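What you are looking at is a predicted structure, and each value in this text was computed from that prediction instead of being measured. Heavy-atom basis, side chains included; hydrogens, waters and symmetry copies ignored.
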2 protein chains.
Amino acid sequence: MSPRPRFENLSAERRSELLECAANEFAQHGYRGASLNRIIAGAGLSKGVFYYYFDDKADLFETVVAYAFDHVVGSTRVDIESLDRETFWPALQKMYVELLPKTHDLPWLAGIGKLAYQSAEDPELEGLVARHFFDTRQFVMNLLQRGRDVGAVRDDGPLELLVAMVFGALEASDRWFVETWDGLSSQEREQIAAIVFEATRRMAAVDDEGRA
Amino acid sequence: MSPRPRFENLSAERRSELLECAANEFAQHGYRGASLNRIIAGAGLSKGVFYYYFDDKADLFETVVAYAFDHVVGSTRVDIESLDRETFWPALQKMYVELLPKTHDLPWLAGIGKLAYQSAEDPELEGLVARHFFDTRQFVMNLLQRGRDVGAVRDDGPLELLVAMVFGALEASDRWFVETWDGLSSQEREQIAAIVFEATRRMAAVDDEGRA
DNA sequence: AGGTGGATAGACCAATCGGTCTAGATACTA
DNA sequence: TAGTATCTAGACCGATTGGTCTATCCACCT
């Protein structure tokens with residue numbers, strides 16, 4: 001009865017086709033606005049087969065969110081404890097530039113991330129996406145807390161606020177990047193990515209680090 | 001036949017009740033996800049009276065957006081040309097702290113702003129909200145461009161990118177503020193508002209200004 | 001050949017969607 | 001009192017929604 005094990009039996013292509021088709025629909029129209037019928041038709045499935053693999057719309061949404069989060073957090077591994085005052089920001093920069101191309105290759109990723117963020121408050125979805133969202137948020141919180149402990153991150157305000165602002169700025173830059181990506185040379189991309197990171201660091205770093 | 005003049009005849013209470021009810025619904029569920037029936041019922045109107053005052057859902061949405069934008073831009077007047085290197089950031093700070101309480105009193109404001117932002121790409125809504133959105137964006141662009149001209153704003157990247165990041169960070173901080181507002185003393189509010197502004201300024205200011 | 005369970009297709013359902021239309025209430029004018 | 005314009009109410013419409021159910025097909029086993 002549980003849909004997930006069944007779904008794993010599907011061929012990887014059909015799985016990812018459905019998931020990315022759904023991700024696009026969700027990213028474009030939001031959870032409620034997304035049409036399940038459109039997703040199913042778009043992925044070339046019949047009603048029957050969809051409901052054979054999934055319980056309902058919410059189940060699909062959770063799977064999509066998990067799929068998206070796996071793409072991101074699955075590719076970022078950092079040993080927080082090993083970071084110190086000197087290595088903190090360079091390590092984050094490395095993480096950022098490695099992660100950035102993904103948001104272009106998988107343009108729905110940013111959309112789903114934003115959607116998970118805002119739908120964390122939707123009562124109908126509460127608890128479904130909460131875990132994934134909470135995990136990621138917790139990871140970033142731990143990261144910045146470590147930054148504070150080693151004296152690399154400012155500590156003159158609530159940590160949650162700082163996390164929110166960093167997320168917000170990076171999300172906005174991602175959106176800009178996705179729109180502009182094709183018109184940029186790889187050289188420009190690197191250059192601008194450096195600017196984005198540096199600007200974000202200025203916002204979050206302690207005063208001493210605020211200078212280049 | 002045009003709905004706007006008629007709508008102006010309604011009592012101010014019923015007008016704002018409908019508009020804010022609609023704003024909440026739109027902010028929560030997005031344009032497509034918002035239920036017109038729910039809005040109408042929530043505002044205590046009948047189908048007939050609604051369609052007597054409005055053409056359709058899109059018309060209502062545009063009115064709501066205009067209502068929200070008026071609240072914001074109507075209360076901010078700044079003579080861009082008069083800003084110079086010394087007065088630039090202080091003037092913006094004054095603007096910010098005056099604007100901030102509004103996002104608490106009118107919590108749907110931030111939601112509508114974000115919605116207008118993202119629905120500017122929805123083909124069905126194109127042109128409807130575009131003007132309001134474009135005007136505001138243009139205003140901020142002009143503002144930061146002036147900042148560049150007088151040497152107060154960094155100019156090592158695309159201006160659009162900088163605007164996007166500033167918007168993103170401030171929007172995120174707004175969201176945090178709305179959630180946390182009630183638990184803060186007015187003293188804490190001022191203090192944190194100062195931190196938020198200072199962090200944002202660090203991101204956008206030229207290096208010399210990055211220091212307190 | 002007959003049986004069994006995984007997989008698939010699509011007709012079908014009640015509920016809801018945005019939107020239309022008619023009937024009537026109210027109020028002012030002639 | 002009859003007429004007219006401004007409102008208000010809600011029944012009603014076709015389309016679409018998320019979701020159910022039955023029939024069939026196919027592979028494998030005996």
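For residues 98-112 of chain A, the set of pairs meeting the salt bridge (Lys or Arg N to Asp or Glu O under 4.0 Å) definition, not counting sequence neighbours, comprises A:Lys94-A:Glu98.
Taken residue by residue, residues 39-48 of chain A places heavy atoms nearer than 4.0 Å to DNA chain C at A:Ser46, A:Lys47, A:Gly48.
Between A:Arg175 and A:Glu179 there is no salt bridge, since no side-chain N of the basic residue sits under 4.0 Å from a carboxylate O of the acidic one. The pair B:Glu160-B:Arg137 does not meet the salt-bridge criterion, since no charged nitrogen lies less than 4.0 angstrom from a carboxylate oxygen. Between B:Arg154 and A:Glu198 there is a salt bridge, with a side-chain nitrogen of the basic residue lying less than 4.0 Å from a carboxylate oxygen of the acidic one.
The NZ atom of A:Lys57 sits 17 Å away from the C1' atom of D:dT20 (whole-angstrom rounding). Remark: C1' of D:dT24 and OH of A:Tyr52 are 15 Å apart, rounded to the nearest angstrom. We find that CG of A:Asn37 is positioned 13 Å from P of D:dT20, with the value rounded to whole Å. Atoms NE2 (A:His29) and P (D:dT16) sit 14 Å apart, rounded to a whole Å. Distance A:Leu36 CG to D:dG18 P: 5 Å, rounded to the nearest Å. Between A:Glu25 atom CD and D:dT17 atom C1' there is a gap of 12 Å when expressed in whole angstrom units.
Between the side chain of A:Glu25 and the backbone N or O of A:Ser35 there is at least one donor-acceptor pair closer than 3.5 Å.
Side-chain polar atoms of A:Asn24 and A:Gln28 form no donor-acceptor pair below 3.5 angstrom.
In this structure, NE2 in B:His132 is found 8.0 Å from CG in B:Asp70, a value given to the nearest 0.5 Å.
Chain B approaches DNA chain C within less than 4.0 angstrom (heavy atoms of the protein), and the contacting nucleotides run 5' to 3' from C:dC17 to C:dT20.
For the helix from C:dA1-D:dT30 to C:dA30-D:dT1, the angle separating the two terminal helix axes comes to 30°, with each axis derived from five pairs and the value rounded to 10°.
Across all their heavy atoms, B:Gly42 and B:Cys21 have their closest contact at C-SG, 4.0 Å.
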Show every donor-acceptor pair shorter than 3.5 Å between a side-chain atom in residues 180-187 of chain B and any protein atom, with sequence neighbours excluded, or say none if there are none.
residue  : atom : partner  : partner atom : Å
B:Thr180 : OG1  : B:Trp176 : O            : 2.6
B:Trp181 : NE1  : B:His104 : ND1          : 3.1
B:Ser185 : OG   : B:Glu188 : N            : 3.1
B:Ser185 : OG   : B:Glu188 : OE1          : 3.4

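Listed by chain and number, the residues in a side-chain hydrogen bond (donor to acceptor under 3.5 Å, both in side chains) with B:Gln138 amount to none (sequence neighbours excluded).
Residue B:Tyr53 places at least one side-chain N or O closer than 4.0 Å to OP1 or OP2 of D:dT8.
Just one of B:Phe61, B:Trp108, B:Phe26 meets the ring pair (Phe, Tyr, Trp, His ring centres under 6.0 Å) condition when paired with B:Tyr67; it is B:Trp108.
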